[in-house]
There are 2 protein chains.
Amino acid sequence: MAVKRADAQRSIAAILQAAVDALSRDPDASVSEIAKVAGVGRVTVYGHFPNRADLVDAALAHAIEQAHPGLDDVDLTGDPGAALTRLIESSWQLVDRSRSLLIAAQNVLPPSRILDLHAAPAERVRKLVERGRDEGAFRTDLPTEWLVGVLHSVMHHAADELNAGRLESGQAAGYIAVTVLAAFSPISG
Amino acid sequence: MAVKRADAQRSIAAILQAAVDALSRDPDASVSEIAKVAGVGRVTVYGHFPNRADLVDAALAHAIEQAHPGLDDVDLTGDPGAALTRLIESSWQLVDRSRSLLIAAQNVLPPSRILDLHAAPAERVRKLVERGRDEGAFRTDLPTEWLVGVLHSVMHHAADELNAGRLESGQAAGYIAVTVLAAFSPISG
DNA sequence: AGCAACTCAAACACTGGTGTTCAATTTACG
DNA sequence: CGTAAATTGAACACCAGTGTTTGAGTTGCT
């Protein structure tokens, strides 16, 4: 299987993108649904991915890989609070879109695999928070991991509120930033 | 069907409790599993609940009803921050235990029904936050609903961290309280 | 004691998913 | 152009769940 033929490569790309789309809507999306979205026969999917779990794995990896370049453009220098606000602004929708996909992955992949796939993007955030702590902009009476988790948690909450129609798309990033910055501030702010 | 016989009542109680337990572990728990936990035949379950959805509904209602008295004991008067801390202390584990059950309910019940079942306990928290805002203890530049949601979100995050072994059971309530109080504080604290 | 209510295992039909095989057709590529 | 690769729907076996029926056995109630 030295090199795939061009139509095979096209199929694989379509299936991968379809898997990301379908699983982002419904973490339990069946192989049939994914095939339909990809505009491809179900058998073709099994021709390229041995089983559903491997397909989900590939889809998650694909989504993360796609997200990387966009996030690399964010300026994380300067005032940590402002940097965090910029990061939130450009990543919270992305994090949300991946959420359903992540659930799909958690249902079929071992936790260690999930952790591996997320290592790179998670590290970026951790670094920024670390720097904020070092420079006295963020509190140090709580572990870095906890603060990062709270950030994620609040972003997901905003996504939920948006989905439920209780929050306008334009407000969300501001709400998240204002909330998290307060939560991250040193005590005698 | 005026009055159930004693053994029927016993069965129903066992099934209800088993449903709460099983669904709190796995939101996809099958009727068979629930029956097994209840120490009862699967057919007996169908004898008392027409289908799985109705059973999940009853289980959620049961769990909420059980939780009520314990939470009614919490003193919500005095300094809003302190009151919130007390409420967190005595309710965050409870909220977590219900989370998986809530997911089960969301999978089979209409959103309106979920909202109905949660109305009473949710109101208690909303009231406290409202009072905190009125008294100047909590910020008013964000909607009450948002603040309440952030509280929930951070509690769930703590539960996740606990499950993942990254947080000690004793620390959790403190982490939540310290984080949320900071997030709730008026800007020029 | 006797009857109705209850319990339960076994068997059934049904649904919806996974993963495989096959034979026919289309398509890329040298 | 010819061949090997790729795609396809149809059919298949399999599994796990839901919900029902049956018939025999047990248990509460009066």
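Chain letters run A, B, ... following the sequence lines, proteins first and then strands; every chain starts at 1.
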Selection from C:dT18, D:dG19, C:dA28 that lies nearest to any side-chain heavy atom of B:Tyr46: D:dG19
Side-chain N or O of A:Arg10 closer than 4.0 Å to phosphate OP1/OP2 of C:dA28: yes
Test item: B:Thr179 side-chain N/O and B:Tyr175 main-chain N/O as donor-acceptor pair under 3.5 Å: yes
A:His48 side chain near D:dA6 phosphate (N/O to OP1/OP2, under 4.0 Å): no
Atom-to-atom span, CZ of A:Arg5 to P of D:dG2 - whole angstrom: 17 Å
Which residue lies more 5' along DNA chain C, comparing A:Val43 with A:Val31 via nearest heavy atoms: A:Val31
Greater than 12 external heavy atoms within 6.0 Å of A:Gln66's CD: yes
Length of the CG-P vector between A:Asp7 and C:dT25, whole Å: 19 Å
Between C1' of D:dT20 and CZ of B:Phe49, the distance in whole Å: 18 Å
A:Ser11 vs D:dT7: side-chain N/O to OP1/OP2 distance below 4.0 Å: yes
Length of the CG-C1' vector between B:Asp28 and D:dT18, whole Å: 14 Å
Distance test, side-chain N/O of A:Arg52 to OP1/OP2 of C:dT18, below 4.0 Å: yes
Side chain B:Glu33, main chain B:Ser30, donor-acceptor under 3.5 Å: yes
A:Trp146 and B:His157 aromatic ring geometry - parallel, tilted or perpendicular at 30°/60° bounds: tilted
Interatomic distance, A:Lys36 NZ vs D:dT8 P [rounded to whole Å]: 14 Å
Whole angstrom value for the distance that separates C1' of D:dT18 from CG of B:Asn107: 16 Å
Nearest-nucleotide pick for B:Ser30, side chain only, options being D:dG17, D:dT7, C:dA10: D:dG17
CG-CZ distance between B:Leu151 and B:Arg126, expressed to the nearest 0.5 angstrom: 14.0 Å
Between C1' of D:dT18 and CG of B:Asn51, the distance in whole Å: 10 Å
A:Arg42 side chain near D:dT7 phosphate (N/O to OP1/OP2, under 4.0 Å): no
